[in-house]
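Inspection log for the structure reproduced underneath, given as structure tokens.
Just so it is clear, the structure is predicted and the values come from calculations on it, not from any experiment. Note on naming: letters A, B, ... go to the chains in the order of the sequence lines (proteins, then strands), and numbering restarts at 1 for each one.
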2 protein chains.
Amino acid sequence: MINKNSPIPIYYQLEELIKVLIEKGELKPGDALPPEREYAEKYHISRMTVRQAFTDLVNEGYLYRQQGKGTFVAERKIEQGLQGLTSFTEDMIARGLKPGSKLVKFEMIPASSQIAGQLKIAEYGPVYEISRIRLADDVPMALETNYISANLIKGITEDIVNESLYAYIEEKLNLRIVSATQTIESSIASQSEANNLNIKKGSPVLLIQQNTYLLDGTPLELVKSVYRADRYKFIVQMKR
Amino acid sequence: MINKNSPIPIYYQLEELIKVLIEKGELKPGDALPPEREYAEKYHISRMTVRQAFTDLVNEGYLYRQQGKGTFVAERKIEQGLQGLTSFTEDMIARGLKPGSKLVKFEMIPASSQIAGQLKIAEYGPVYEISRIRLADDVPMALETNYISANLIKGITEDIVNESLYAYIEEKLNLRIVSATQTIESSIASQSEANNLNIKKGSPVLLIQQNTYLLDGTPLELVKSVYRADRYKFIVQMKR
DNA sequence: GAGTGGTCTAGACCACCCC
DNA sequence: GGGTGGTCTAGACCACTCC
């Protein structure tokens with residue numbers, strides 16, 4: 001079960017092993033896991049290594065610990081798109097919907113002061129503005145506009161946007177997206193938003209602005225989205 | 001600086017020490033910290049202990065690591081109420097507003113099937129229904145309704161509700177609130193909501209439903225809130 | 001090659017829970 | 001008292017980055 005000569009870290013192998021037990025239902029919510037010392041002995045590994053695996057699973061919400069009592073399987077995690085940073089595509093798939101996209105604008109423009117401030121670039125610096133109607137099961141779900149500094153991300157084409165912008169950024173440019181701040185507010189559709197989303201003017205919409213950051217805190221992009229309230233709810237999981 | 005005989009764990013003392021350096025500005029965003037081995041030597045502690053402190057600070061968003069390069073101070077954390085679970089009161093204080101509250105309903109009712117299902121109690125089981133108008137700087141901000149199983153939380157009184165329900169639950173009943181799921185949607189104020197919030201019928205509002213859970217996953221309460229869109233934006237921080 | 005973080009060991013003692 | 005997780009040690013070798 002555990003291969004000590006594998007290049008995959010032992011603690012990681014143990015995490016996967018425990019996750020599988022939970023997903024197969026052999027460990028049910030509320031069940032106590034075997035104690036750390038027992039795992040250490042069984043697999044001939046150090047207790048600290050077992051603890052590293054357990055700690056990760058606690059942080060991911062699979063387990064919880066109680067001093068003096070033991071380690072237990074947590075209630076089933078909410079299977080939602082929002083336990084972390086996800087793209088529209090990932091979000092829709094997690095919700096069981098077929099994602100789609102229709103490009104409505106793809107331009108390079110000078111940054112307004114508001115956008116330049118958020119992206120921490122010079123005012124009037126070049127940014128890509130990419131507007132897309134986002135579809136779920138072929139019905140409009142949201143109107144999404146991305147702003148990305150053209151100096152940071154060079155060589156974007158329409159083809160890349162139609163494929164996957166995130167995959168291009170992460171795989172081709174080797175930039176790691178690690179965090180984001182989202183601001184969510186309630187609003188009412190303007191005439192042009194209503195036209196794009198195929199709803200009536202004045203219908204309620206969810207306005208989401210996302211700032212995305214790289215590992216060192218450099219702003220990568222700004223995304224402004226308008227979601228149809230009748231089709232979309234935002235879900236967040238929080239820990240104390 | 002580090003007291004090895006203190007009952008406070010060494011790794012925790014080190015965390016506080018580093019946090020203070022960051023908050024005082026002696027360590028600025030982007031700065032490299034001294035390497036782990038240097039801390040270990042300086043304070044005569046094990047490198048693993050240093051690593052535990054660093055790891056916690058990375059998880060809390062204060063630091064980030066780069067293999068082969070070093071450990072660095074992250075960009076200033078967004079000082080927002082929403083980097084974790086907060087009560088309305090905490091949220092308002094974090095936003096620089098004076099929280100207030102006006103009780104409009106306090107009853108014990110039989111749980112509807114929807115509420116019973118969410119709280120995982122029997123249908124028609126007793127629940128407290130507590131409705132409050134939430135004020136920020138003395139102006140209505142939200143209409144909030146809590147549902148709590150009366151069997152789980154016994155002996156709530158109006159006085160407790162007017163003080164702090166969370167403090168009562170955590171301190172007096174010794175229950176630890178650890179996680180919550182929030183569903184956020186956009187809607188339009190009904191006539192009665194509009195009256196309570198002092199806005200026009202049909203104005204946009206943010207509908208937030210929160211399910212709160214204890215350590216072992218037991219549902220503690222259900223909170224349904226209606227926030228004025230003109231005064232409130234919801235903010236979330238996410239990590240990959 | 002030198003320096004950094006990443007993984008791992010084989011112990012130890014403490015704090016807490018339950019019987 | 002026995003079992004659990006919580007903290008801590010003093011090393012070791014590996015993987016990665018940079019010069």
Side-chain angles (χ1 to χ4, degrees), chain A residues 1-18 27 30-60 62-74 174-176 178 214-216, chain B residues 1-18 27 30-60 62-74 174-176 178 214-216:
Chain A
M1 285 286 204
I2 297 278
N3 179 358
K4 296 181 76 165
N5 297 317
S6 162
I8 299 164
I10 295 171
Y11 76 89
Y12 188 81
Q13 295 182 46
L14 184 54
E15 283 178 36
E16 293 301 311
L17 196 154
I18 293 171
L27 284 171
D31 284 359
L33 268 77
E36 298 169 352
R37 287 166 179 84
E38 198 170 303
Y39 273 106
E41 203 173 338
K42 181 172 174 187
Y43 295 113
H44 307 288
I45 58 181
S46 161
R47 184 177 155 222
M48 286 301 272
T49 305
V50 177
R51 274 186 71 76
Q52 185 170 355
F54 276 35
T55 300
D56 284 351
L57 293 175
V58 167
N59 289 332
E60 288 169 29
Y62 287 95
L63 306 178
Y64 62 95
R65 292 203 257 228
Q66 286 191 295
Q67 183 169 159
K69 294 179 73 174
T71 304
F72 304 86
V73 179
N174 207 23
L175 296 172
R176 264 182 300 171
V178 296
L214 303 177
L215 183 59
D216 64 359
Chain B
M1 285 286 202
I2 296 279
N3 179 359
K4 297 181 74 164
N5 298 316
S6 162
I8 299 165
I10 296 171
Y11 75 90
Y12 187 81
Q13 296 181 47
L14 184 54
E15 285 178 34
E16 293 302 311
L17 197 155
I18 294 171
L27 283 171
D31 284 359
L33 268 78
E36 298 169 351
R37 287 167 179 84
E38 198 172 313
Y39 272 106
E41 204 174 337
K42 181 172 175 188
Y43 295 113
H44 307 288
I45 57 181
S46 161
R47 184 179 157 221
M48 285 301 275
T49 304
V50 178
R51 274 186 73 75
Q52 186 170 354
F54 277 34
T55 301
D56 284 353
L57 292 175
V58 167
N59 289 333
E60 289 169 29
Y62 286 94
L63 307 178
Y64 63 92
R65 292 201 258 228
Q66 287 191 297
Q67 183 168 162
K69 294 180 76 173
T71 305
F72 306 86
V73 179
N174 207 24
L175 296 172
R176 265 182 300 172
V178 296
L214 303 177
L215 182 60
D216 65 358

Contact nearer the 5' end of DNA chain C, comparing A/Q67 with B/T71: B/T71
Considering non-hydrogen atoms only, spot the tightest contact between A/I45 and A/Y39 and give its length. CG1-O, 4.3 Å
Quick note, salt bridge (Lys or Arg N to Asp or Glu O under 4.0 Å) partners involving residues 6-15 of chain B, not counting sequence neighbours, are none
Residues that B/E16 engages under salt bridge (charged side-chain N to carboxylate O under 4.0 Å, His left out), provided they are two or more places apart: B/K19
Contact check, residues 2-18 of chain A vs DNA chain C, heavy-atom distance under 4.0 Å, returns A/K4, A/P9, A/I10, A/Y11
Give, ordered by number, those residues of residues 48-56 of chain B having at least one heavy-atom distance below 4.0 Å to an atom of DNA chain C; if nothing qualifies, reply none. B/M48, B/R51
As an exercise, state the distance from CG of A/D56 to CD1 of A/I18, rounded to the nearest 0.5 Å. 10.5 Å
Using whole Å, what does the distance between atom C1' of nucleotide D/dG3 and atom CZ of A/R37 come to? 8 Å
Between which nucleotides of DNA chain C, read 5' to 3', does contact with chain B run, using atoms under 4.0 Å from its heavy atoms? C/dG3 to C/dC8
Shortest non-hydrogen contact from B/A40 to B/S46? CB-C, 4.0 Å
Say you draw a straight line from CG of A/L214 to OH of B/Y64; how long is it, rounded to the nearest 0.5 Å? 10.0 Å
Can you name the salt bridge (charged side-chain N to carboxylate O under 4.0 Å, His left out) partners of A/E36, sequence neighbours left out? A/R47, A/R51, A/R65
Shortest non-hydrogen contact between A/A53 and A/L14, atoms and distance: CB-CD2, 3.9 Å
Does B/K69 have a side-chain nitrogen or oxygen under 4.0 Å from the phosphate oxygens OP1 or OP2 of D/dC16? no
